[in-house]
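A short worksheet on the structure shown next.
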There are 2 protein chains.
Amino acid sequence: MTTSAQGLHSHVLATLGLAITAGEYPPGTVLRTDELAQGFDVSRTVVREVVRVLESMHLVESRRRVGVTVLPTESWNVYDPQVIRWRLAGADRPRQLRSLTVLRSAVEPVAAGLAALHATPAQCRELTEQALGMVATSRGRQLEAYLVHDIAFHRVVLNASGNEMFARLGDVVAEVLTGRTHHHVMFEDPDPAAVTLHVQVAEAVRERDAVRAEALTREIAVGALKELDVLAP
Amino acid sequence: MTTSAQGLHSHVLATLGLAITAGEYPPGTVLRTDELAQGFDVSRTVVREVVRVLESMHLVESRRRVGVTVLPTESWNVYDPQVIRWRLAGADRPRQLRSLTVLRSAVEPVAAGLAALHATPAQCRELTEQALGMVATSRGRQLEAYLVHDIAFHRVVLNASGNEMFARLGDVVAEVLTGRTHHHVMFEDPDPAAVTLHVQVAEAVRERDAVRAEALTREIAVGALKELDVLAP
DNA sequence: GGGAATTAAAAGTACTACTTTTATGTCACA
DNA sequence: TGTGACATAAAAGTAGTACTTTTAATTCCC
């Protein structure tokens, strides 16, 4: 069983959420609470609580005398980390990775600029450290170790921006980077140019050079976009 | 009563969600299901369903033998439209408006650039129309009418970008613009420079000039940021 | 053929009984 | 006196049932 299930609720939620985001139930499909309860062999209580959660994610809509209707993609809360995880686990993972990468390319440069203004000395240190870690692991097929530093690096930048909305994208970035590493056929070491750019971003932030930090991060983003355009048609 | 309440669930959810996001229950506060049920004079069933939803927003965490614990701000799903609405209605509205505006300033320029590449003829037309509407209502204290066009304009840009994540920020932008208009003391007409910029963005998109569309939108964003720096200390 | 009244299906709500987890306090033993 | 195993009870989790409310759809009357 792949769906982490400590508790009936979690299990049903994960299963249903995954199925819906995977497009298993096309929009407009109506599910009946009692049928779901029977299908999962749980009480109606459990199903109702699950439906309420799915409703809050705008994946479904529950109406009396009708049932639980699956909503079209456009109404989904696509920023909900849970929804993101489900979608990344499902069929349209490539599409999802692309739109998230575009989001990154918009947000991260601005975040880096702000980080240059707001980063604490500790954050500057952490940033440099992670960048050096990236350099150290950038050769010789140490992709997993590299990934850890890469994620940590971007997390620090987002946090140091001082903007709550940016900071909360740390998980998204982590998912994207992980997805990329694990789907890239894992043959090649990371692009040396990208590694250098990260080091330079750390430098720029340390020197409080917002403009440079933003520009450099934009270059990183462009690289990520290019890479993706190659991957997907 | 200000909390829209068709159904017990909605009522309890709105009340509790608002209270928590307003910081009425400091992080770490534990609420007991039965007490809530008594307090709201509803069944435990209703409270449980509400708690499950709040849990999915990471506003609270429910643990056996402990109760429902209010989580710190850092864990909240700050991108959940519902959470955003609650917070905008609460005490830290100014802070919230600022962080959302920064997010806009990062996203919208990129979205505009993409819109220039992907916008359909219909979207181009719509964009021009809204921009002209802004011009028409930009003088003589027609702030409400202006706001409608402004919101529509930005929504079209975000939709036309073709990126799902951007498109879903339409509501956020609408909230921010509305909040701004309604809190600006409503004396002055909109900045003529901003109006002109919108017209030019529509032009650039129509002419498929991505670079120009992005640059112009960035100017609009800078304006919005400046305005906010004046508003809040 | 159209509109009003009826019906029934499904979700919403309530209540009650029971299970499971687990924080905390107790007691025995070293 | 401190420490670890054990017992206790508190609170959430689950189940089942009975009832209410809404409302789509059918029927029936004009």
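Since the model is a prediction, treat every value here as computed from it, not as a measurement. We name chains A, B, ... by the order of the sequence lines, and we start the count at 1 in each one.
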Judged by modelled atom types alone, do B:His154 and B:His149 share a side-chain donor-acceptor pair under 3.5 Å? no
Please say which of A:Val47, A:Val46, A:Thr45, A:Val51 ends up in a side-chain contact (heavy atoms from CB on, under 4.5 Å) with A:Glu49. A:Thr45
Could you list the residues that satisfy side chain to side chain contact (heavy atoms under 4.5 Å, CB included) with A:Arg32, not counting sequence neighbours? A:Glu35
Reading nucleotides 10-18 of chain C from 5' to 3' and marking B where a protein heavy atom lies under 4.0 Å of the base, S where only the sugar-phosphate is that close, and - otherwise, the string is BBBBBB-B-
Any donor-acceptor N/O pair, B:Trp86 side chain to B:Pro81 backbone, under 3.5 Å: no
Evaluate the ring planes of A:His198 and A:Phe153, with Trp represented by its six-membered ring, and classify them as parallel (under 30°), tilted (30 to 60°) or perpendicular (over 60°). perpendicular
